[in-house]
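Chain letters run A, B, ... following the sequence lines, proteins first and then strands; every chain starts at 1.
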Number of protein chains: 2
Amino acid sequence: MIQRKTKQRQAILQVVEAARRPLSPVEILQQAQHLLPALGIATVYRALGTMLQEGLLVPVDIPGQSPRYERAGLTHHHHCACTGCGQVFELEGCCYTGESAGIPAGFKVEAHDVILYGHCRSCQRR
Amino acid sequence: MIQRKTKQRQAILQVVEAARRPLSPVEILQQAQHLLPALGIATVYRALGTMLQEGLLVPVDIPGQSPRYERAGLTHHHHCACTGCGQVFELEGCCYTGESAGIPAGFKVEAHDVILYGHCRSCQRR
DNA sequence: CTTTTTTTGATAATAGAATATCATTATCAT
DNA sequence: ATGATAATGATATTCTATTATCAAAAAAAG
């Protein structure tokens with residue numbers, strides 16, 4: 001699969017790398033359109049697909065929401081999500097010890113996720 | 001909203017209460033059809049909706065999957081999900097201490113979730 | 001600059017889950 | 001048992017996210 005260097009992909013990557021939080025495809029589209037107003041949503045999905053394959057990005061899944069994406073290679077961390085506006089933020093570090101009771105016999109844990117839910121500052125007043 | 005006692009709702013509630021793990025709407029449909037073969041998916045969704053409102057059930061959200069449901073009132077716990085077959089299992093207790101670094105200023109944490117991912121015994125051999 | 005081939009953007013198509021519709025059936029109060 | 005009305009089941013519809021299509025534009029190579 002040959003990859004050409006296009007303005008669109010550069011803009012998309014730039015937006016994701018500059019973000020301090022994981023972004024959804026639509027958020028990426030909107031922010032990248034500040035750089036390239038004609039950018040289309042299909043291009044965003046295509047770029048996300050190849051960047052995932054290339055290992056430049058990783059998905060961040062929050063239940064009930066479309067997947068977010070953040071740049072790969074960040075130190076191990078988790079996220080918190082605002083129930084009001086849907087924004088997702090990064091946390092630092094991880095409290096998970098690797099031990100849990102009740103794991104079914106034979107189940108091999110390979111990954112884990114911790115998500116905090118709440119309301120962000122702007123959504124407090126409701 | 002008046003609630004009549006129907007065979008369908010009894011079967012649905014019975015299936016959820018008997019399950020040792022959270023079930024998706026389709027899983028509930030399939031298992032309840034062992035009791036009531038003519039049961040339709042619309043009835044399952046309707047029953048889940050009212051049972052959620054009544055507080056009989058609570059949703060269990062796993063990223064990228066349709067929501068599961070389990071009976072309400074269980075002690076605080078979390079879940080693990082098999083990446084192979086998609087089954088979700090209950091864990092016991094909770095390791096989350098309530099402290100996390102990097103919470104954005106003004107963000108008020110109201111809930112949290114911990115999910116372990118891996119492969120269950122039957123999905124090991126692949 | 002020209003040619004070749006990939007990428008783009010607009011939009012149609014698809015897929016999956018959840019909801020709405022409505023004639024029929026079942027429940028409940030009398 | 002009967003009548004009023006809620007619930008059901010089959011299916012159509014909606015909704016939303018993602019993918020496919022294809023002519024036009026852009027990138028890379030010569």
Side-chain angles (χ1 to χ4, degrees), chain A residues 1-16 22-54 56-70 81 83 85-88, chain B residues 1-16 22-54 56-70 81 83 85-88:
Chain A
M1 180 205 305
I2 295 143
Q3 281 291 4
R4 290 184 177 178
K5 198 171 194 176
T6 67
K7 297 169 188 174
Q8 289 83 355
R9 288 191 192 166
Q10 288 174 312
I12 290 166
L13 195 55
Q14 184 178 328
V15 162
V16 176
L23 301 178
S24 69
V26 172
E27 286 176 322
I28 293 168
L29 174 69
Q30 291 169 340
Q31 297 197 22
Q33 281 180 336
H34 296 155
L35 306 171
L36 279 177
L39 185 66
I41 186 69
T43 301
V44 173
Y45 277 107
R46 278 186 290 238
L48 290 176
T50 59
M51 289 174 186
L52 282 172
Q53 284 193 317
E54 294 171 279
L56 291 173
L57 306 182
V58 295
V60 175
D61 285 316
I62 306 291
Q65 303 190 12
S66 72
R68 313 302 174 104
Y69 299 89
E70 67 184 11
T83 311
C85 61
Q87 278 191 110
V88 177
Chain B
M1 179 204 307
I2 294 142
Q3 279 293 3
R4 290 182 176 178
K5 197 172 196 175
T6 69
K7 296 168 188 174
Q8 287 83 354
R9 288 192 192 168
Q10 288 174 312
I12 290 166
L13 194 55
Q14 182 178 329
V15 163
V16 177
L23 300 178
S24 69
V26 172
E27 285 175 322
I28 293 169
L29 173 69
Q30 291 169 341
Q31 297 198 22
Q33 281 180 333
H34 296 156
L35 306 171
L36 279 177
L39 184 66
I41 186 68
T43 300
V44 172
Y45 277 108
R46 279 186 290 239
L48 290 176
T50 58
M51 289 173 186
L52 282 173
Q53 285 193 317
E54 296 172 276
L56 291 173
L57 306 182
V58 294
V60 174
D61 285 316
I62 306 290
Q65 303 190 10
S66 71
R68 313 304 174 103
Y69 299 89
E70 66 184 13
T83 312
C85 61
Q87 279 192 108
V88 177

Evaluation steps, side-chain contact (heavy atoms from CB on, under 4.5 Å), between A:Leu57 and A:Leu13: CA-CA 9 Å; A:Leu57 306 182; A:Leu13 195 55; 4.2 Å; yes
Value in whole Å for how far the P atom of C:dA26 lies from CD of B:Gln10: 15 Å
Among C:dA17, D:dA7, C:dC28, the one nearest B:Lys5 by side-chain distance: C:dC28
Among A:Gln31, A:Gln33, A:Glu27, side-chain contact (heavy atoms from CB on, under 4.5 Å) partner for A:Leu29: A:Gln33
Integer-rounded Å distance: C:dA17 P and B:Arg68 CZ: 11 Å
side-chain contact (heavy atoms from CB on, under 4.5 Å) evaluation trace for B:Met51 with B:Val16: CA-CA 11 Å; B:Met51 289 173 186; B:Val16 177; over 6 Å; no
A:Ile28 CD1 - D:dT18 C1' separation (whole Å): 14 Å
Sugar-phosphate only, base, or nothing, as touched by A:Pro37 at under 4.0 Å among non-hydrogen atoms: nothing
From C:dC28, C:dT7, D:dT19, nucleotide with atom closest to B:Arg4 side chain: C:dC28
First of A:Gly40 and B:Val26 reached from the 5' end of DNA chain C, by closest nucleotide: A:Gly40
Interatomic distance, A:Leu36 CG vs D:dA25 C1' [rounded to whole Å]: 14 Å
Nearest listed nucleotide, side chain of B:Lys7, among D:dG9, C:dT27, C:dG9: C:dT27
Residue-phosphate contact under 4.0 Å: B:Thr6 side-chain N/O, D:dA6 OP1/OP2: no
Interatomic distance where CD1 belongs to A:Ile41 and P belongs to D:dA17 [whole Å]: 10 Å
Nearest-angstrom distance from the residue atom CZ of A:Arg46 to P of C:dT6: 14 Å
Spacing of A:Asp61 atom CG relative to D:dT18 atom P, expressed in whole Å: 10 Å
Contact under 4.0 Å: A:Gln8 side-chain N or O vs D:dA26 OP1/OP2: no
B:Tyr45 side chain near C:dT19 phosphate (N/O to OP1/OP2, under 4.0 Å): no
Among C:dA18, D:dT11, D:dT19, the one nearest B:Pro67 by side-chain distance: C:dA18
Protein-nucleotide distance (A:Leu39, atom CG; C:dA10, atom P), rounded to Å: 9 Å
B:Thr43 side chain reached by B:Thr6 side chain, heavy atoms, under 4.5 Å: no
Shortest non-hydrogen contact from A:Ile41 toward A:Pro25: CD1-O, 4.2 Å
Residue-phosphate contact under 4.0 Å: A:Thr43 side-chain N/O, C:dG9 OP1/OP2: yes
